[in-house]
Amino acid sequence: MEETKSDHDAVQQHLLVDMDELGETKQKLRISELTLILDTGVPILSDVSVDIPNGLIVGIIGPSGSGKSTVLRAMNRLWEPPKGTVFLDNQDIRDLDVLSLRRKVGMLFQVPVLFEGTVADNIRYGPQLRGKKLSDSEVTKLLNLADLDSSFATKNGNELSVGQAQRVALARTLANDPEVLLLDEPTSALDPISTQAIEDTILKLKKTCKLTTVVVSHSVRQIQRMVDIVYLLVDGKIVEVLRPDRLSEANHPMARRFLELS
Ligand SMILES: Nc1ncnc2c1ncn2[C@@H]1O[C@H](COP(=O)(O)OP(=O)(O)OP(=O)(O)O)[C@@H](O)[C@H]1O
């Protein structure tokens, strides 16, 4: 059945989240009625609206294939959303230079891919594109932020575990001084220790830098540990918006099933 504007409003009104209660009302990023229908006529996203308040961590969860990554990729134009659907600080991201958008809205993927060269080369890469050379102490600071010590700077990517490589990828993203961080199942390939290091870093960045973060995760536990607001996506539609401590109050049958099985 097609979702209408009033269905969307109903979802929003049903919110168990009071944005004022969360203390931040300014929207850093906003997705408004985003729809993707493939040429074959298959709908992938239907009228998806997501508010991402400044300085908070927003989670997007839902069954496999529900469209979570597509929503995330729209936020830094890895998938080009239609005009008038995604806004950063109230500016349509389609009107922004794509490279500067991706610097402001950094992304971390499920599996880290490091460039050839040392860890320090990787971390220096982004700033270098803008003509800035990070000093050794700046590289160390970024490594420390991602819970790695300075000895990693001279290592090569192929000497690292996946967990360490993911932390380097995080440090590399942070080197661009992003305003928003997009995390696409950032710890699903990692052991519990590396998972905790990534989660702790994100929580620290929220506290110290008020970094706005959007995380797609299959782990309900991770969502409960990290996020302020949870959007539940089912079959390309936002069906619930909840606080992480109130996930059990989800009404949508598919959302309930997903949460029970997770
Ligand atoms: N440009 C595209 N062309 C064809 N199919 C697409 C395109 N973009 C997304 N899809 C399809 O849309 C659906 C949603 O994909 P997406 O990766 O966003 O879901 P997901 O919720 O992140 O899934 P998972 O949890 O398994 O990673 C999938 O069936 C995918 O194959």
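As the structure lists them, so they are numbered: ligands from 1, and atoms in each ligand from 1. In this text, all values refer to a predicted model and were calculated from it rather than measured experimentally.
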J.: Which atom pairs, donor and acceptor, lie under 3.5 Å between side-chain atoms of residues 150-158 and protein residues at least two apart or in another chain?
T.:
from: S151; atom 1: OG; to: D149; atom 2: OD1; distance (Å): 2.4

J.: CG/D97 to CD1/I93 distance, rounded to the nearest 0.5 angstrom?
T.: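 Here the interatomic distance stands at 12.0 Å.
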J.: Which protein residues have a heavy atom under 4.0 Å from ligand 1?
T.: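 Within 4.0 Å of ligand 1, the protein residues are L38, I44, P63, S64, G65, S66, G67, K68, S69, T70, E185, H218.
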J.: Got a sec, which residues hit side-chain hydrogen bond (donor to acceptor under 3.5 Å, both in side chains) with K207, two or more places apart in sequence or on another chain?
T.: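 Here no residue qualifies.
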J.: Is there a donor in the side chain of T187 and an acceptor in the side chain of Q222, or the other way round, less than 3.5 Å apart?
T.: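 Yes, side-chain donor-acceptor contact under 3.5 Å.
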J.: Tell me which donor-acceptor pairs under 3.5 Å the side chains of residues 111-121 have, and how far apart each pair is, sequence neighbours excluded?
T.:
from: T118; atom 1: OG1; to: A120; atom 2: N; distance (Å): 3.4
from: T118; atom 1: OG1; to: D121; atom 2: N; distance (Å): 3.0
from: T118; atom 1: OG1; to: D121; atom 2: OD1; distance (Å): 3.4
from: T118; atom 1: OG1; to: D121; atom 2: OD2; distance (Å): 3.2
from: D121; atom 1: OD2; to: T118; atom 2: N; distance (Å): 3.0

J.: Do the charged groups of E138 and R124 touch, with an N to O distance under 4.0 Å?
T.: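 A salt bridge is absent here (no side-chain N lies under 4.0 Å from a carboxylate O).
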